[in-house]
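Atoms considered below: every heavy atom in the structure, side chains included; atoms not considered: hydrogens, waters and symmetry mates. Order of the sequence lines fixes the chain letters, A, B, ..., with proteins taken first and strands second; residue numbering starts at 1 for each chain.
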Number of protein chains: 2
Amino acid sequence: MKKELDLIKDCGQKILAISDTMEILNGKWKMSIIACLCYKPMRYSELLKEVKGISGKVLSRELKDLEINELIEREVLTTAPVAVEYRITDYGTSLKQLTDTIADWGFIHRQRIISGMKTG
Amino acid sequence: MKKELDLIKDCGQKILAISDTMEILNGKWKMSIIACLCYKPMRYSELLKEVKGISGKVLSRELKDLEINELIEREVLTTAPVAVEYRITDYGTSLKQLTDTIADWGFIHRQRIISGMKTG
DNA sequence: CAGAATCCAACGGGATACTG
DNA sequence: CAGTATCCCGTTGGATTCTG
């Protein structure tokens, strides 16, 4: 009985922690952007190509959000036609494992779908 | 050079997989619900208490979504005042590691916030 | 190239009241 | 108890245009 209560209590803390994370990583794009920048620094236009489906406006906002949370850094390169490079921060790399786990599950889920939704 | 291209290509697949996952687990509540039901089966009202902040309407919809994706099961208990129990499915338990990773990061992030946003 | 501005549609999500 | 229905708002997100 007490053991059950402990479980619930523990569960409560976990729920809170998950809510925290989902608050930071809301929207469908942030994890993709993070994963992208974990590979290498990229420019705005590169991200626009790599993160398929995202629009310019949304990419701008998401990048700002991520920068505010210190997950990525923005550097303006004073080159000829002006370039901006986005990089993952040390703190941002702490999300790498998370992106890996999410990607892994995505693969599995896709396999499950294309294998015809065989009844589990 | 080629190596870089490979990286990008690989990155592309990962981005897709992440998009897939985020499509299924969109909204701020689904992961919390999954994590909750990983502890033990729960009734609607229990979830309403455990998943702090969620409203009845949203909980209903999220539960339906999760059921459609075969991540949870719903059983109506023919008891006196009618009870409904939600359980995680085998497939749903494949998300347990993900909820753990997300929760871990949430803890870390909270620590970082309350420690005053120390740089680095 | 890197965005900001504007417009608009769709969805997420809260509050309340109602049903079986 | 376990939802559903309704209203209503803020956000998300796409398309397009404009700017430095």
How many whole angstroms separate atom [atom1] of [X] from atom [atom2] of [N]?
| X | N | atom1 | atom2 | result |
| --- | --- | --- | --- | --- |
| B:Leu47 | D:dC1 | CG | C1' | 13 Å |
| B:Lys64 | D:dA5 | NZ | C1' | 11 Å |
| B:Glu62 | D:dG3 | CD | P | 14 Å |
| B:Leu63 | D:dA2 | CG | C1' | 11 Å |
| B:Glu85 | D:dA2 | CD | P | 10 Å |
| A:Lys30 | D:dT11 | NZ | C1' | 11 Å |
| A:Arg61 | D:dG13 | CZ | P | 6 Å |
| A:Asn26 | D:dG13 | CG | C1' | 13 Å |

DNA chain C: 5'-most and 3'-most nucleotides touching chain A, 4.0 angstrom heavy-atom criterion:
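Footprint of chain A along DNA chain C, 5' to 3': C:dC1 to C:dC7.
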
[X] with [Y]: basic N within carboxylate O range, under 4.0 Å:
| X | Y | value |
| --- | --- | --- |
| B:Lys64 | B:Glu62 | no |
| B:Glu73 | B:Arg87 | yes |
| B:Glu50 | A:Lys14 | no |
| A:Arg43 | A:Glu85 | no |

When B:Leu25 is tested against each of B:Asp20, B:Thr99, B:Leu95 for side chain to side chain contact (heavy atoms under 4.5 Å, CB included), which residue passes?
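Only one of B:Asp20, B:Thr99, B:Leu95 forms a side chain to side chain contact (heavy atoms under 4.5 Å, CB included) with B:Leu25, namely B:Leu95.
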
Under 4.0 Å, heavy atoms only, any strand: does A:Ser45 hit a base, just the sugar-phosphate, or nothing?
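Result for A:Ser45 = sugar-phosphate.
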
Starting at the 5' end of DNA chain D and moving along, which residue's nearest nucleotide shows up first, B:Glu46 or B:Lys57?
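Whichever sits nearer the 5' end wins; that is B:Glu46.
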
Can you tell me if B:Arg43 touches the phosphate of D:dA2, counting only side-chain N or O atoms and a distance under 4.0 Å to OP1 or OP2?
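Checking B:Arg43 against D:dA2: at least one side-chain N or O falls below 4.0 Å of OP1 or OP2.
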
Kindly say if B:Tyr86 contacts the phosphate of D:dG3, meaning a side-chain N or O under 4.0 Å from OP1 or OP2.
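Yes, such a contact exists.
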
Does NZ or CZ of A:Arg112 lie under 6.0 Å from the centre of the six-membered ring of B:Tyr91, at an angle within 45° of the ring axis?
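Yes, A:Arg112 and B:Tyr91 form such a contact.
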
Taking the nucleotide of DNA chain C with the nearest heavy atom to each, does B:Ile54 or A:Pro81 sit closer to the 5' end?
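It is A:Pro81, whose closest nucleotide lies nearer the 5' terminus.
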
So does B:Ala17 get a backbone contact from the side chain of B:Thr21, meaning a donor-acceptor N/O pair under 3.5 Å?
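Looks like yes, one N/O pair under 3.5 Å.
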
